[in-house]
Structures are given as C-alpha cells and as structure tokens.
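One structure is given below, encoded as structure tokens.
Only heavy atoms go into these numbers, but all of them, side chains included; no hydrogens, no water, no symmetry mates.
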Amino acid sequence: MYPNRLKTCVQTFRFQPAEHAAAKGEGLLRSYTSVLFLTVTNPMPILFFIGVFSGVGISKSAFNVASALAMVAGVFLGSACWWLSLSFGISLARSKFTSNSLIWVNRISGAVVLTFDIFALYKLL
C-alpha cells in the first residue's frame with residue numbers, strides 16, 4: 001500500500017498543470033447531471049445527514065411533516081448557498097492562478113501528503 005502512496009506523492013509533487021482546461025463541450029445539462037449524480041451517490045454526505053437527522057430527533061416516533069420539510073429545505077438551501085459561494089469564489093480566484101503558482105500548489109500538496117504518510121508509518125512502528 002505504501003509504495004503506491006509514495007508514488008502518488010511523488011507524482012503530485014512533480015505534476016505539471018495544463019495550460020488550458022480541456023473542456024469537451026458536452027453541454028451544460030450533461031455536466032450538471034454528472035456532477036449531481038456524483039454528489040448524490042457520495043456515501044460520506046449520506047452518512048453525515050443520517051447522523052444529523054437521527055441526532056436532531058427525526059425518526060418514526062417523532063415524525064412531523066413540517067419539521068421534516070423544514071430540515072430538508074434547510075439542507076437544500078445550505079448546500080445551494082455553499083456551492084454558489086464556492087463557484088463564485090473559484091471564478092474570482094481563477095485569474096489569479098498562473099501556471100507557476102499551480103506548480104507550487106502541487107508541490108505543497110505532495111509534500112503535505114508525504115508528511116502525513118511518514119507520520120502514519122512512524123505511528124505504526
């Protein structure tokens with residue numbers, strides 16, 4: 001397992017970013033549905049919301065349609081606000097990143113992952 005992790009760290013460290021994004025022009029609807037499918041099938045948010053809903057007390061014994069709808073609406077609006085702010089922030093920061101700065105982002109990311117791997121190996125010993 002760790003030789004593959006080391007290889008991944010080195011590849012991340014040495015990766016040269018693309019000059020331009022390689023968009024295939026598949027269309028906005030296809031891009032939206034693929035991202036929606038990936039988001040909906042991600043197990044971590046599903047488990048997180050199961051935990052939150054059970055912690056708040058939404059269960060069969062305490063089922064109230066109004067509170068359930070309010071919870072779902074809150075989750076939806078919170079997620080929509082998060083994605084809108086994230087997309088807006090990325091669009092503002094996009095012009096500030098040059099090819100050289102992306103190389104340094106890759107180097108720092110590779111070094112951080114390698115540091116965590118070395119720490120995990122140290123803890124195993």
Side-chain angles (χ1 to χ4, degrees):
M1 177 178 151
Y2 282 104
N4 289 336
R5 294 278 303 187
L6 182 61
K7 180 180 174 186
T8 303
C9 293
V10 171
Q11 286 175 342
T12 302
F13 189 83
R14 297 182 63 211
F15 185 75
Q16 297 293 321
E19 289 295 322
H20 300 286
K24 295 181 181 177
E26 295 175 343
L28 188 59
L29 182 63
R30 183 173 175 122
S31 297
Y32 173 78
T33 55
S34 66
V35 170
L36 177 68
F37 179 73
L38 285 172
T39 304
V40 169
T41 58
N42 188 353
M44 288 309 292
I46 293 170
L47 293 174
F48 172 76
F49 284 119
I50 287 172
V52 168
F53 288 164
S54 64
V56 170
I58 296 179
S59 63
K60 277 188 177 180
S61 63
F63 183 73
N64 182 355
V65 175
S67 64
L69 286 175
M71 179 73 78
V72 170
V75 168
F76 176 77
L77 289 174
S79 298
C81 288
W82 165 248
W83 280 108
L84 284 173
S85 63
L86 185 66
S87 299
F88 183 70
I90 294 292
S91 68
L92 288 177
R94 176 185 243 178
S95 62
K96 306 239 187 300
F97 281 102
T98 63
S99 181
N100 192 29
S101 63
L102 290 176
I103 289 171
W104 278 103
V105 167
N106 288 336
R107 288 179 180 168
I108 292 169
S109 299
V112 167
V113 171
L114 183 62
T115 303
F116 282 125
D117 285 346
I118 291 171
F119 181 72
L121 282 174
Y122 174 75
K123 290 299 251 180
L124 283 173
L125 300 175

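- Atom OG of Ser87 and atom CG of Leu92 lie 11.0 Å apart (nearest 0.5 Å).
- Other members of the hydrophobic cluster containing Leu77, listed by chain and number, are Phe76; membership follows side-chain contacts under 4.5 Å among ILVMFWY residues, whether direct or relayed.
- Taking CG of Leu124 as the reference point, atom CZ of Phe119 lies at 10.5 Å (rounded to 0.5 Å).
- Note: the hydrophobic cluster containing Val72 does not contain Phe48 (ILVMFWY, side chain heavy atoms under 4.5 Å, direct or indirect links).
- Atom OG of Ser101 is separated from atom CH2 of Trp104 by 11.5 Å, given to the nearest 0.5 angstrom.
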